[in-house]
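These numbers come from the heavy atoms of this one structure, side chains and all, not from hydrogens, waters or symmetry mates.
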Amino acid sequence: MARVEVPTWLGDAMDRELYRRNAFRVSGLAVTATPRAVRRRVSEARAAEALGAERTGGPAAGEARWLAPDPVPDHIAVREALRRLEDPVRRVVDEFFWFWPLAKTDGTELARARKVWTRLAGPADAAADPSTPSPRSIAVHNLAVLHHAEALEAKAFLGAGTLRTLWERAYLYWRLVLADDGCWRWLDERIRVLDDPRLRTVDGTAFREALPAVLFDLHAQVAVDAARQRGGEDAARQHVTLMRSLKAHDDAVDAALRRVTAPLAVAIRDRTETVPGPGADPAALERAADSLLAETKTDVQVLRAVLGKKHAVVADATDEVAGAVNACAVACANSLSADVSTAHDPLLNRAAAHLRSARGLAASGDVRTLVEKNLAVLLSNDILLECKETVERGERSPGRAAERASGLLDTVEPRLRELRELRPHAPETDQVRDAVAAAACKLFTEYVNATHDRVTALVGYRRVLPLAVSEEGRSVIRRNIDTLERAAAVESSFDTAPAIAGIAEQCFRCGRSVGAAEVVTVTRDGIGGSRSIRIPYCADCRSEARVLRGQTRLSPDPYLPPTTGYRPRAAYRRPATYRRPSARSGGDESWFGRLPGLVLGLTSLALVFASALAGGRETTAGTWFAGGAAAVGGFGLVFGLIDLLNREK
């Protein structure tokens, strides 16, 4: 159905007080009252007012007692109602939205009249005269007015089911009115009887075309009022659903909803234009964002409930609020210095909260993306400042570094989850995670280096490992874990080892007899204090003692790889890979270990004899043999000195 504009003369009907201020309801006159009856009622009202009576007297007709106004109208209300009846256009409107006379119900109670109307409103009589309004037409109209007035004036405590029933019945009978030509012939007849030149623009056809728009406008106001109530969004949506139940009038429903909610959208736009811009005081910016959210909350709630979240009007309004709040929050955050002193500034926390609210309001993708990006930057800066501050505190008191690291992780983990939700694939998110992991790793390293508490450090490193994203950061944490686990294994073996391994006067490896000077002391340092084990070794097995000594002396050694702003260090250096000494190193004191020295000695001796036999330095051959003997002997001397140094080590 094409959209129909409501005539100007029908504008008074688009008021929720349509029935409460109906001139016939307030004055007590029947809709067919003549001008003489109206004048007489005016005289009665003036006389009653002059005598000081509380009201102007009883109703003039029995049907005027139907839906009697409560409270009883005062003299001012009655005078206003009678003045309305002097305007023929306003009188026609009030006549249409009040009960029409019917011989079978005149002077009866409303309950009996309702029953009669319901019986008469059955299927139309084909034999009825189409030129005159039938009793069915009047009954259908009166039932529509009755249910519509009850629905508009119903109280919320009646319950959703009762309210829905009232509105369903009202629309049922209004549909019958729209389809019944007799109702509109009755209205045309009333316009003819009044015979006033001011009624030239008023006719039943225009009224009939505009009636759906009037009804939907009234119902839209009810929906808006319901949405303003606490928890009334569902009730508002039910009202809109009932309006749309008349499928042929979708355009009229949309127009009514837009007209009723237009002032809300304008009010939201006006509020967003008054927020301060960049350069304002941070506290003023924070208050402006807070006030904007509070002042527009109800209006946004109403728009969403009545029009739907995806409606263009709602999207524009919420985007305007989200954009203004985003501007205030960003300006507030930018005005604060990026220093450790602002890491816990309440204004930064409030700015983040405002950005979260703006994100929930944003309807378009562009505005939501902008808000999410700014919120992610604010969260990242806040997390990095928190890390920097915690690391500095941990360095000043290493003994509490593990406690501070755990507190840091507890504090930033919710923000990290939010950051991953906002920017799941952004490189900045991975960098922030690496920075947190690096800061916590550094703190646990400080702690274990100061206290040698391996258990707490291991638990901390394992908690930090999932946070690290870069392979470099993860490898550092893994090395720390491996080092502590290896140290724990060594510690366990030492804890169960005796003070002297084996028998005091017998080599631990080969069983030879050894003296007191041949006992090697192996000490484990750096984790849980120091412990020594005395191991007897003979000269041939002494290299085994050196290997064991090197493997057990694990000492803290900070490791600082480059990371995203923070430099975690490994708790302990990985032990060097020890190899068994080869024959050339002179480290093995077995027969095979002494074989190279013996060969060099014999070779040098043979060259000396060869030189003598060749005639010494008097001959060329003797000179060469003598030089070779000197070279071999010098090489043997150097090799021997190196071997001696290795033995001392």
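- A tilted orientation is assigned to the rings of Phe207 and Trp184, their planes being inclined by 30° to 60°.
- Within 6.0 Å of atom CZ in Arg169, 12 or fewer heavy atoms from other residues, nucleotides or ligands are found, so the atom counts as exposed in its surroundings.
- A heavy-atom distance below 4.5 Å is found between the side chains of Arg244 and Leu257.
- By the 4.5 Å heavy-atom criterion applied to side chains, Met14 and Arg259 are counted as neighbours.
- By the 4.5 Å heavy-atom criterion applied to side chains, Leu408 and Cys387 are counted as neighbours.
- In this structure a side-chain-to-backbone donor-acceptor pair under 3.5 Å is missing from Gln301 to Glu233.
- The shortest distance between side-chain heavy atoms of Val448 and Leu458 does not fall below 4.5 Å.
- Among Val6, Asp15, Leu18, the one residue that satisfies the side chain to side chain contact (heavy atoms under 4.5 Å, CB included) test with Val214 is Val6.
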Criterion salt bridge (charged side-chain N to carboxylate O under 4.0 Å, His left out) on Arg271 and Asp299, from CA distance to verdict
CA-CA 11 Å; Arg271 292 190 184 101; Asp299 290 345; 3.0 Å; yes
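- Taking 4.5 Å as the limit, some side-chain heavy atom of Leu285 sits within range of a side-chain heavy atom of Pro276.
- Between Arg359 and Glu372, at least one side-chain N (NZ, or NE/NH1/NH2) sits under 4.0 Å from a carboxylate O, which counts as a salt bridge.
- The shortest side-chain heavy-atom distance between Leu152 and Trp167 falls under the 4.5 Å cut-off.
- A donor-acceptor pair is defined here as one N or O able to donate and one able to accept, closer than 3.5 Å; such a pair exists between the side chain of Ser335 and the backbone of Cys332.
- Ring-plane geometry between Phe96 and His141 is classed as perpendicular, the angle between the planes exceeding 60 degrees on a 0 to 90 degree scale with a lower cut at 30.
- No more than 12 heavy atoms of other residues, nucleotides or ligands lie within 6.0 Å of CZ in Arg258, so this atom counts as exposed by the packing criterion.
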